[in-house]
Amino acid sequence: MKPQIYVRTRLENALRALGIDPIDPILLNLDKPKQDGFGDLAITSAMSLARDLRQPPRKIAEKLLQLLDLDQFYIEKAEIAGPGFINLYLAKSCLQRAVLEILDERDTFGSDDWGKGIRVQFEFVSANPTGPLNIVSARAAAIGDVLAALHEKVGFVVEREYYVNDAGRQVNLLGASLDVRYRAELGTAGEIPEGGYHGAYLIDLAKAILEEYGSSLAELPDQERRERLGRLALDAMLAKHRASLDKYRLNYDRWFHETRLRQQSEHLNVLKVLQDKGLIYEDEGATWFRSTQFGDEKDRVLVTSEGEPTYFLIDIAYHQNKYQRGFAVLHDLWGPDHHGYIDRMRAAIQALGYAADSFRVHIIQQVNLFRGGQVVKMSKRAGEIIEMDELIEEVGVDAARYFFVDRRLSQPLDFDIDLAKKKSDENPVYYIQYAHARISNVLRYAEEQGFNSAMAADLSVLTNDAEMELIKKCLEFPQVVSKAAQFIEPHRLPNYLYELANVFHRFYHDNRVVSDDGALTQARLLLIQATRQVIKNGLTLMQITAPENM
RNA sequence: GCGCCAGUAGCUCAAUAGGAUAGAGCGUUGGCCUCCGGAGCCAAAGGUUGUGGGUUCGAUUCCCGCCUGGCGCACCA
């Protein structure tokens, strides 16, 4: 058993003995004190309980400490400090054994089961197939993927989904825009329609189509030609998106097409359900949904006076479809320009009879691109966008994923292209990967020197501070994973891995692993193997490579 | 005008669920390779956490006001 789990279990028992039901997770929170000299784990329950129990926190702490009845194998020293902290010092015996526990658990170290197999879905990127994926999508892709991986790690059953907006007005515009490019290739001048797409990628596509189909499409009637070109553009764009994401090491479980919803009239079904609940009314020729009944600031149109379903209606149908597929929680990752959309969507979800908190939207803030110290204004109209493919090519998948996950979602991200391009050692991802490669190299060296790194060892020879620090750091990993998933704060993971690499590099600098002392060498080989395992498990969650050498 | 997000060291960010003396990287200054990878390690300097109140044993964190910046407030998607 790992020490955190041991202490938590003891704490639960102690609280019950005090007549307190330890339901509130805050009572069970075990913090690692920020400051040195306050032990390895701090219990804050006494202070949390002080008001309810109407007793001084230090007095409660004393009682708790007695009831904890901690085993010396795990806790070498426990003391009450400050206003009522109980500071615990981990015993070397349990830390030494933890090395073996980590090695036994291998890839599964850091896993948990509190997700209890609940099915959750993450829908992210879902960019309109009217242009190449840009740098904002790259951020969403990295974050969505790692959030999904984190949830899998803590016991949820997870699906990653990409919603394809392949119907509606924008597809018509895409076809019309491509039509202009296509005819331009044939020598007929035309103007990109209002709201159409100006990007250069459509010129390339027009050339490719000309090559494949020649001028045959030009003979079709206008409407038919545009539809045909719209389809071709869509297919080409989707293939491009898939290729980009594939390069990014991101695999979706499902690509869900909007056309499917329309073909099966699922939006009409939604209308009927809402109608039956009396949540629909007609006004000025349009059909409205009483979203204000569920906290939205105003009612919303579902069918326009022209008889067209709005995007909102289709989107409601889409979310209903997700629920019907059995997901208990829907995680949607949206851009900041959609935050005004959350209330109405949640209103619809409640109207359909699903719990408001089963629908979780995570807003990913924008990416500001810097080049030469200047903000690059991105404009689709001017065709100035940085494509995801360019980014991957320039900085590599590892660095890109790291940078995007390294900040909390609510924080706008400044991405300095020049710096990222440098591909220099300033890049923290190299620091972490270097630790992994360094360990691998030491293990190779040890084998050459006749040591067998798979051999058992007496770990009680691991006693110095650097060794203990390293083990403690490794043991933090499961909690980092849990909290990153629980609070949707994936940036905790790269931050932690950086710290772990730092502790390892310090250990390495001061302690020779392969030495004349055979017993100590064997023990340290296991220690660095365990460290490497943790680094690898962390990098794997982010789909960043863990190189054996660099 | 209303709403959402943000404001922490020169710059980019942390601060683990309200905890103890607010920490890292980059940059600046100065040290460390006879040795398993120097893509590394150590140290110094750098802060009124935008601002004014409140809640409490304790606030960067929670509440209210104000300031600054970004975004949103369609019968568009």
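A, B, ... follow the sequence lines: proteins, then strands. Residue 1 opens every chain.
At the heavy-atom level, A:Phe312 lies nowhere under 4.0 Å from the strands shown. As judged by a 4.0 angstrom heavy-atom cut-off over every strand, A:Ala484 is placed among residues making no nucleic acid contact. A:Arg300 comes within 4.0 angstrom of nothing in the nucleic acid, heavy atoms only. Heavy atoms of A:Asn511 sit under 4.0 angstrom from at least one base atom. At the heavy-atom level, A:His491 lies under 4.0 Å from the strands shown only through sugar-phosphate atoms. Note on A:Lys298: only backbone sugar-phosphate atoms sit closer than 4.0 angstrom, heavy atoms only; bases stay farther off.
The minimum heavy-atom distance linking A:Arg300 with A:Lys298 is given by the pair NE-O, 3.3 Å. Taking every heavy atom of both residues into account, A:Phe85 and A:Ala42 meet most closely at CD2-CB, 4.5 Å. Nearest approach of A:Ala61 to A:Ile80, heavy atoms of both residues: C-CD1, 3.7 Å. Smallest separation of non-hydrogen atoms from A:Pro33 and A:Phe38: CG-O, 3.4 Å. Smallest separation of non-hydrogen atoms from A:Leu174 and A:Gly230: CD2-O, 4.4 Å. Closest approach of A:Arg512 and A:Tyr445 over heavy atoms only: NH2-OH, 4.0 Å.
Within 3.5 Å, a donor on the side chain of A:Asn87 pairs with an acceptor on the base of B:rA20, or the reverse. Within 3.5 Å, a donor on the side chain of A:Asn441 pairs with an acceptor on the base of B:rG37, or the reverse. Side-chain N/O atoms of A:His339 and base N/O atoms of B:rG3 include a donor-acceptor pair closer than 3.5 Å. Evaluation of atom-type donor-acceptor distances gives a pair under 3.5 Å for the side chain of A:Ser305 against the base of B:rC75. Applying the 3.5 Å distance criterion, the base of B:rC75 shares no donor-acceptor pair with the side chain of A:Glu308.
Stacking of the aromatic ring of A:Tyr434 onto the base of B:rG40 is not found under the criterion of centres within 5.5 Å and planes under 30°. Stacking here means ring centres nearer than 5.5 Å and ring planes tilted less than 30 degrees, and by that measure A:Phe38 stacks onto B:rA20.
Proximity note for A:Lys483 (side chain, C-beta onward) versus B:rA14, B:rU16, B:rC71: the nearest is B:rU16. The side chain of A:Asn495 sits closest to B:rA14 out of B:rG19, B:rA17, B:rA14. Here B:rA17 is the nucleotide among B:rG37, B:rA20, B:rA17 with the atom lying nearest to any side-chain atom of A:Gln486. Between B:rC71, B:rC5, B:rG37, one nucleotide has an atom nearer to the side chain of A:Gln365 than all others, and that is B:rC5. Nearest to the side-chain atoms of A:Gln411 among the listed nucleotides B:rA14, B:rC36, B:rC76 stands B:rA14. In the set B:rG23, B:rA74, B:rC76, the nucleotide with an atom closest to the side chain of A:Gln35 is B:rG23. Set against B:rG70, B:rC41, B:rC13, the side chain of A:Asp414 has B:rC13 as its closest nucleotide. Here B:rG19 is the nucleotide among B:rA77, B:rA17, B:rG19 with the atom lying nearest to any side-chain atom of A:Met47. Relative to the side chain of A:Trp288, the nucleotides B:rC75, B:rU12, B:rA74 differ in distance, and B:rC75 lies closest. Out of B:rG25, B:rA20, B:rC76, the shortest distance to the side chain of A:Tyr498 is found at B:rG25.
Taking the C1' atoms as reference points, B:rA45 lies 12 Å from B:rG27, given to the whole Å. Rounded to the nearest Å, the gap between the C1' atom of B:rG37 and that of B:rA15 is 33 Å. If you take atom C1' in B:rC62 and the same atom in B:rU56, they sit 11 Å apart, rounded to whole Å. Here the separation of B:rC13 from B:rU60, taken at their C1' atoms, is 14 Å to the nearest Å. Remark: the separation of the C1' atoms in B:rU48 and B:rU8 is 12 Å, to the nearest Å. Spacing of P atoms, B:rA74 relative to B:rG3, comes out at 16 Å, to the nearest Å. To the nearest whole angstrom, the two P atoms, one in B:rA59 and one in B:rU49, are 12 Å apart. Between B:rU61 and B:rA17, the distance separating the two C1' atoms is 10 Å to the nearest Å.
Enclosure of atom CD in A:Glu282 by more than 12 non-hydrogen atoms of other residues, nucleotides or ligands within 6.0 angstrom is indicated.
For the pair A:Arg492 and B:rU16, the criterion of a side-chain N or O lying under 4.0 Å from OP1 or OP2 is not met. A close approach under 4.0 Å does not occur between any side-chain nitrogen or oxygen of A:Asn29 and OP1 or OP2 of B:rG19. OP1 or OP2 of B:rC57 has not a single side-chain nitrogen or oxygen of A:Arg58 nearer than 4.0 Å. Between B:rG38 and A:Tyr431, no contact under 4.0 Å exists linking OP1 or OP2 to a side-chain N or O. Between B:rA15 and A:Arg408, a contact under 4.0 Å exists linking OP1 or OP2 to a side-chain N or O. For the OP1/OP2 pair of B:rG23 and a distance below 4.0 Å, the side-chain nitrogens and oxygens of A:Lys34 include no atom meeting the criterion.
Of the candidates A:Asp299, A:Val303, A:Thr287, A:Ile280 forms a side-chain contact (heavy atoms from CB on, under 4.5 Å) with just one, namely A:Thr287.
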Going 5' to 3' through nucleotides 28-33 of chain B, assign each nucleotide B (protein heavy atom under 4.0 Å from a base atom), S (under 4.0 Å only from sugar-phosphate atoms) or - (no protein heavy atom that close). ------
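Note on ring orientation: taking the six-membered ring where Trp is involved, the planes of A:Tyr498 and A:Tyr431 are parallel (angle under 30°, cut-offs 30° and 60°).
Ion pair A:Arg492/A:Asp406 not flagged as a salt bridge, since none of the NZ, NE, NH1 or NH2 atoms sits closer than 4.0 Å to an Asp/Glu carboxylate oxygen.
Between A:Glu469 and A:Arg506, the closest side-chain pair of non-hydrogen atoms is not below 4.5 Å. In this structure, the side chains of A:Leu413 and A:Gln366 stay at 4.5 Å or more apart for every pair of heavy atoms.
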Would you write out the dot-bracket form of RNA chain B, 5' to 3', with Watson-Crick and G-U pairs under 3.5 Å, [ ] for crossing pairs, | for pairs to other strands and . for unpaired bases? (((((((..((((.....[...)))).(((((.......))))).....(((((..]....))))))))))))....
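At distances below 3.5 Å, at least one donor-acceptor pair connects side-chain atoms of A:Gln433 with backbone N or O atoms of A:Thr545.
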